[in-house]
Amino acid sequence: MVPAMTLIMGFSAKQAVSLSLMAVAAGSTGASINFLRTGRTDLQLGLKLETITTIGAVTGAIIAGLINERYLLISFAVILLYSALSMMLPRKEIDENEYSGHPSRFGLGMIISFIGGNISGLLGVGGGIIKVPVMNLLMGVPLKIASATSSYMIGITASTSAIVYLFRGDLYYGQAPPVILGILAGSQIGARISYKIKTIYLKWLFSVAIIYTAVRMLMKALQ
Amino acid sequence: MNNSDEKIGPLISKIFRFLQLVAMGLLLIALMTALFQLPINRIFSYIGIALVIIIPIVGVIAAMIEYMRRKNYTMAIMAAIVLVVIIAALLISLKS
């Protein structure tokens with residue numbers, strides 16, 4: 001969203017980031033309305049993971065100056081590429097109706113979520129790219145439940161950052177109403193479509209997004 | 001799905017829907033008043049945006065209260081930790 005706003009619409013980077021944060025908070029709420037109503041969001045898992053991810057993000061932001069960003073980018077890009085390929089490979093997907101609400105390897109999931117939060121805080125990459133593969137591949141949460149839960153979690157993170165911008169007076173609210181109204185409408189439509197779309201297509205779409213992020217990370221590391 | 005989530009999820013959904021409708025109304029008014037170049041559009045825009053960005057946090061507060069009401073104290077503490085971390089993050093970022 002930020003590249004589109006800066007390159008196509010001519011916003012400054014600061015304006016684009018603040019608008020993007022508001023849009024993510026709004027979009028996440030819009031999508032979560034449907035997911036929460038139908039019980040697709042695993043609220044308990046979302047809150048538990050959000051605790052550790054947010055702590056990771058805060059730690060990441062604090063230690064940002066102490067770590068060599070290049071090595072971190074390369075190692076995380078490799079992990080992302082691996083998870084994208086794992087998602088693309090055919091394997092038995094748990095049916096969302098069979099999901100018991102008790103994810104496996106919870107401890108490991110928490111540790112990776114903490115590292116993911118760290119990376120997110122350090123590099124400012126979106127949380128969904130990290131959260132969905134952790135929940136789906138590692139913890140055995142069905143993809144549709146993982147993406148609905150991640151959507152709920154992303155809203156909390158984005159709104160925290162947006163409030164910081166608001167308090168600092170960096171929130172550009174002049175251009176915000178049309179952007180937010182568009183995102184709200186789009187997220188509602190997207191959430192409804194996701195009920196009809198096959199999981200395999202969702203997996204491919206998500207894998208492409210992960211590969212794109214990993215390539216951008218590698219390019220940034222090699223600059 | 002977890003048993004208590006079956007009730008809390010729809011409740012948070014209802015809260016989200018109500019607040020989002022109010023925010024959308026305010027932003028629509030802001031858009032209309034901006035079209036007619038009325039200075040009041042900034043006020044509507046500001047309140048609408050503030051509402052949009054606090055909705056997810058209101059969701060966490062609602063979940064915490066509802067888990068406490070249902071005596072699921074583990075989850076109530078989890079939600080409280082999320083809130084504490086959010087406040088800590090805000091304080092750290094505002095100080096730096």
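By convention in this document, chain letters (A, B, ...) are assigned in the order of the sequence lines, proteins followed by strands, and residues within each chain are numbered from 1.
- With a threshold of 4.5 angstrom between heavy atoms, A/L184 approaches chain B through side-chain atoms but not through N, CA, C or O.
- If you measure heavy-atom distances from B/L28 to chain A, the contacts under 4.5 Å come from both the backbone and the side chain.
- Atom CZ of B/F18 has 12 or fewer neighbouring heavy atoms from other residues, nucleotides or ligands inside a 6.0 Å radius.
- When heavy atoms are compared at a cutoff of 4.5 Å, B/I86 approaches chain A by way of both its backbone and its side chain.
- Here the shortest heavy-atom pairing between A/L43 and B/G9 reads CD2-N, 4.3 Å.
- B/M75 CE to A/L47 CG: the interatomic distance, rounded to the nearest 0.5 Å, is 4.5 Å.
- Across all non-hydrogen atoms, the minimal contact from B/F16 to A/S32 is CE2-CB, 4.0 Å.
- Side-chain atoms of B/N72 and A/Q44, non-hydrogen and from C-beta on, do get closer than 4.5 Å to each other.
- Atoms CG and CZ, from B/L11 and A/R37 in turn, are 14.0 Å apart once rounded to the nearest 0.5 Å.
- Annotation for A/M110: atom CE counts as buried by contact number, over 12 foreign heavy atoms lying within 6.0 Å.
- Considering only heavy-atom pairs separated by less than 4.5 Å from chain A, the leading option among B/L83, B/I81, B/I57 is B/I57.
- Here B/Q20 is the residue among B/Q20, B/M78, B/R42 with the most heavy-atom pairs under 4.5 Å with chain A.
- Within the model, atoms CD1 of A/I33 and CD1 of B/I15 stand 11.5 Å from one another, a figure rounded to the nearest 0.5 Å.
- Per-residue heavy-atom pair counts under 4.5 Å with chain A were compared for B/V52, B/I54, B/I49, B/I87, and the maximum is reached by B/I49.
- Closest approach of A/P177 and B/A30 over heavy atoms only: CG-CB, 4.4 Å.
- Between B/I12 and A/Y152, the shortest heavy-atom contact is CD1-OH, 4.5 Å.
- Of all non-hydrogen atoms in B/I53 and A/S159, the two that sit nearest each other are O-CB, 2.7 Å.
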